[in-house]
Structure formats: C-alpha cells, structure tokens
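The block underneath contains the structure these notes are about, expressed in structure tokens.
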Amino acid sequence: MKLGLVSAILDGWNFDEMAAAAAKAGYTCVEVACWPVGKAERRYAGVSHINVDTLDDAQAAHIHEVCAKYNLEISALAYYSNCLDSNPDKRETSIKHLLKVIDASAALGVNLVTTFIGRDQYKNVEENLQLVSEIWPPILEHAKQKGVRVAIENCPMLFGPDQWPGGQNIMTTPDLWRKIFALLPYDNFGLNFDPSHFVWQMMDYIKPIYEFKDKLFHIHFKDIKLYPDRLNEVGIMAYPLSYMSPKLPGLGDVNWGKFVSALTDIGYDGPACVEVEDKSFEGTKEKILDSLRLSYKCVSQYLP
C-alpha cells in the first residue's frame with residue numbers, strides 16, 4: 001500500500017513546493033489536484049497543482065523530474081466535479097475539463113483519475129440513474145481508449161443549503177454502487193473509497209471492502225467526528241455539518257486498525273491518500289504542515 005496525500009490542502013504551493021512538503025512529511029505518493037485555474041467554488045476545490053489546459057511535453061518532463069527528486073509517485077489526477085449538474089452549462093464545463101484531466105493522466109503515465117459521478121440535486125434517484133446511463137458511457141469510453149481508470153469517491157456532497165436537497169454526487173452507498181456498476185460495466189470504472197462518509201451516514205465501512213474489492217482503485221484516509229448531543233438536537237435530516245465535522249485520521253470515529261486490516265485481507269496494494277479537511281488545522285502554513293505530519297504519524301503505524 002502506498003501512503004499518499006491529497007494535494008488540495010496545499011493551496012498556494014506550486015507543484016515543486018507541494019511535492020517537497022509531501023515528501024518531507026513522509027508520503028510516497030500524491031493525488032494531484034487539477035481543477036481549472038481560477039476561483040474555487042467551494043472549500044478544497046479550485047486548487048490546480050497541474051494545469052491540464054497548458055500541460056505540454058516540457059511541463060510533463062519537469063513533473064517527472066520533481067517526482068523523481070523527491071521519490072514520489074502521482075497516484076491520480078483529481079478533479080471532483082459534477083458532471084450531472086442541473087445547470088447545463090456547468091455540466092458541460094465539468095465534462096470538458098474532466099476529459100482534459102483524463103488526457104493529462106494518460107500523457108503523464110498516471111492512468112488514474114479521481115472524481116465524483118455527480119448528481120442533479122433536484123431530481124430523484126431514478127432520474128439521476130437515467131442521467132448516469134446517458135452521460136457517463138462516452139466519458140468512460142474516452143478514458144478506456146486512453147488507458148485511464150476512473151475512480152469515483154463516495155462523498156454525498158450534501159453538507160449545506162447550496163447542495164440541498166439531494167446532494168451533488170449519487171454514488172454514495174453499496175446499493176447505489178451495485179446499480180451504477182450494472183449500468184456502467186466498464187473494467188476501468190471503480191471506486192475511491194473514503195470510510196468517513198459512511199460514518200456520518202451510520203453505515204458499515206468495513207463490509208463493502210470485501211464485496212467491492214475488485215473495484216477499489218484508490219483509498220482516502222479521512223476521519224469524521226460525530227457529535228451525539230448535536231445529532232439529538234437536529235436529527236439525521238439536518239445539514240450534516242450540524243452534527244459532524246471532518247477530522248484528521250485518528251481524531252475522529254473511524255477505526256483505522258480495522259479499516260486497514262480489511263484492506264490487507266483483500267490484498268489491496270494501491271494508493272491510500274490522506275485527505276485533510278480539518279478546520280482545526282487551517283489558517284496558517286504551520287498548522288497545515290502539522291496536519292500532514294500528524295496524519296502520517298497516525299496512519300503509517302498500520303501500514304507495512
């Protein structure tokens with residue numbers, strides 16, 4: 001298993017600086033953020049450590065040189081967008097950029113892209129499954145032709161009023177995974193599994209590892225802390241951030257020993273990247289670097 005870092009937390013660092021920080025903290029791979037250059041639409045989005053719009057042979061060579069210098073691999077190129085957005089223009093923009101990220105992943109020899117499948121938050125589940133069957137086959141065919149795998153994270157993207165009522169990513173539960181894998185039977189289509197999202201949905205995050213072992217292309221190490229007193233006040237139908245918060249690995253409710261044990265049971269030897277979204281470690285460069293070191297210290301103890 002390769003222990004890595006999702007680069008989005010290092011917003012403001014260039015690629016060289018990001019790679020140096022990751023390596024210094026002990027990581028051996030990075031999941032590189034590749035949003036379009038510009039203003040972020042939400043926290044941890046809009047970061048672009050590789051600009052896929054301008055990537056050329058010289059830039060690709062430099063990226064490989066930097067990775068070799070710091071003994072780092074790129075686990076995936078990351079662009080977590082909504083290709084099923086209710087706004088047709090936003091949907092088209094997301095798809096176009098995702099295709100560029102796929103092309104860049106192939107050009108760099110990474111051959112893996114991490115993203116969301118998306119959701120029209122105003123349509124029901126059945127209507128969204130129909131959208132999936134219409135919109136995603138051309139994307140996956142393009143990735144297949146490029147030799148690129150696509151890994152979908154299971155985050156519901158349902159945290160506040162702007163994502164209400166249905167959230168912006170439908171591939172969130174084992175039941176929906178089965179239905180979507182049946183709709184999209186592509187070998188290059190799989191999961192980027194983050195156990196923290198199952199914690200706040202009150203779901204078992206161990207059992208699916210065994211059922212979907214052949215679809216686990218990438219893993220996220222992120223924790224979630226539930227606040228039972230708040231949950232008793234607002235209930236599960238409230239905005240989720242009303243009763244939980246993302247934390248560094250080891251500071252929340254995920255049992256990392258059991259989680260990694262299950263991964264070793266199935267022989268998972270792919271990338272597993274720490275995703276920092278803990279507000280307690282934001283605000284200064286020093287706090288962010290502390291978050292990288294503390295996360296590494298927690299998770300590395302479980303890995304060979």
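Starting from 1, each residue takes its place in the sequence as its number. Note: hydrogens, waters and symmetry copies are ignored here, and every other heavy atom, side chains too, is used.
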Worksheet item: Looking at R178 and E211, does any basic side-chain N land under 4.0 Å from a carboxylate oxygen?
Response: yes

Discussion item. On a heavy-atom basis, which atom in C155 and which in F116 lie closest, and how many Å separate them?
Written reply: CB-CE2, 3.8 Å

Worksheet item: Counting heavy atoms not belonging to D187, are there more than 12 under 6.0 Å from its CG?
Response: no

Worksheet entry | Distance-only side-chain donor-acceptor flag, E134 / Q130, under 3.5 Å | yes

Worksheet item: In terms of ring plane angle, is the pair F221 and F259 parallel, tilted or perpendicular, where the classes change at 30° and 60°?
Response: perpendicular

Item to complete: Identify the two heavy atoms, one from P174 and one from F198, that lie closest to each other, and give their separation to 0.1 Å.
Response: CD-CZ, 3.7 Å

Worksheet item: Given the rule that I, L, V, M, F, W and Y join up when any side-chain heavy atoms are under 4.5 Å apart, are L3 and V32 in one cluster?
Response: yes

Worksheet item: More than 12 non-hydrogen atoms from neighbouring residues, nucleotides or ligands closer than 6.0 Å to CD on E127, yes or no?
Response: yes

Practice prompt. Might you confirm whether atom CE of M202 has over 12 heavy atoms from other residues, nucleotides or ligands at distances under 6.0 Å?
Written response: yes

Fill in: Residues in ring pair (Phe, Tyr, Trp, His ring centres under 6.0 Å) contact with H49, at least two apart in sequence or another chain
none

Worksheet item: With the 4.5 Å side-chain cut-off for hydrophobic clustering, are L183 and V125 part of the same group?
Response: yes

Worksheet item: Where does the angle between the aromatic ring planes of Y80 and W35 fall among parallel (under 30°), tilted (30 to 60°) and perpendicular (over 60°)?
Response: tilted

Item to complete: Kindly give the heavy-atom pair with the smallest separation between N169 and I117, and that separation in Å.
Response: OD1-N, 3.0 Å

Worksheet item: Stepwise, does the side chain to side chain donor-acceptor pair (under 3.5 Å) test hold for H197 with T172?
Response: CA-CA 8 Å; H197 299 300; T172 56; over 6 Å; no

Discussion item. Does K215 qualify as a cation-pi partner of F181, given the criterion of NZ or CZ under 6.0 Å from the six-membered ring centre and within 45 degrees of its axis?
Written reply: yes

Discussion item. Do Y122 and L129 sit in one hydrophobic cluster, given that two such residues count as connected whenever their side-chain heavy atoms are within less than 4.5 Å of each other, even indirectly?
Written reply: no

Discussion item. Between Y186 and W136, is the ring pair (Phe, Tyr, Trp, His ring centres under 6.0 Å) condition met? List the steps.
Written reply: CA-CA 11 Å; Y186 290 83; W136 270 89; 9.8 Å; no

Worksheet item: Between Y79 and T115, which heavy-atom pair has the shortest distance, and what is it?
Response: O-OG1, 2.6 Å

Worksheet entry | F217 six-ring face occupied by R149 cation (under 6.0 Å, within 45°) | yes

For residues 95-103, dump all side-chain donor-acceptor pairs below 3.5 Å to protein atoms at least two apart in sequence or in another chain.
from, atom 1, to, atom 2, distance (Å)
K96, NZ, E92, OE2, 3.1
H97, NE2, C34, O, 2.7
K100, NZ, D53, OD1, 2.8
D103, OD1, H142, NE2, 2.6

Worksheet item: Any chance the side chains of D194 and S196 put a donor and an acceptor closer than 3.5 Å?
Response: yes

Fill in: Polar contact flag, side-chain donor to acceptor under 3.5 angstrom, T114-E31
yes

Item to complete: Could you tell me whether W200 and Y227 have their ring centroids closer than 6.0 angstrom?
Response: no

Worksheet, complete the sentence: Here the gap from F281 atom CZ to I9 atom CD1, rounded to the nearest 0.5 Å, amounts to 11.0 Å

Fill in: Reported NZ-to-OG distance for the pair K225 and S280, which is rounded to 0.5 angstrom
8.5 Å

Worksheet item: For the residue pair L72 and A22, what are the closest heavy atoms and their distance?
Response: CD1-CB, 4.4 Å

Contacts under 3.5 angstrom, residues 296-304 side chains, donor-acceptor by atom type, not counting sequence neighbours:
from, atom 1, to, atom 2, distance (Å)
S300, OG, Y296, O, 2.6
Q301, NE2, C298, O, 2.8

Practice prompt. Search all heavy atoms of I139 against all heavy atoms of C83 and return the closest pair with its distance.
Written response: CD1-SG, 4.4 Å

Worksheet, complete the sentence: Distance col, row N154:CG vs H220:NE2, nearest 0.5 angstrom, shows 9.5 Å

Discussion item. Hydrophobic clusters here meaning ILVMFWY residues chained together by side-chain heavy-atom distances under 4.5 Å, can you tell me if L77 and V66 are in one?
Written reply: yes

Worksheet item: K287 and D290: salt bridge (charged side-chain N to carboxylate O under 4.0 Å, His left out), yes or no, with the steps?
Response: CA-CA 5 Å; K287 285 184 178 181; D290 283 344; over 6 Å; no

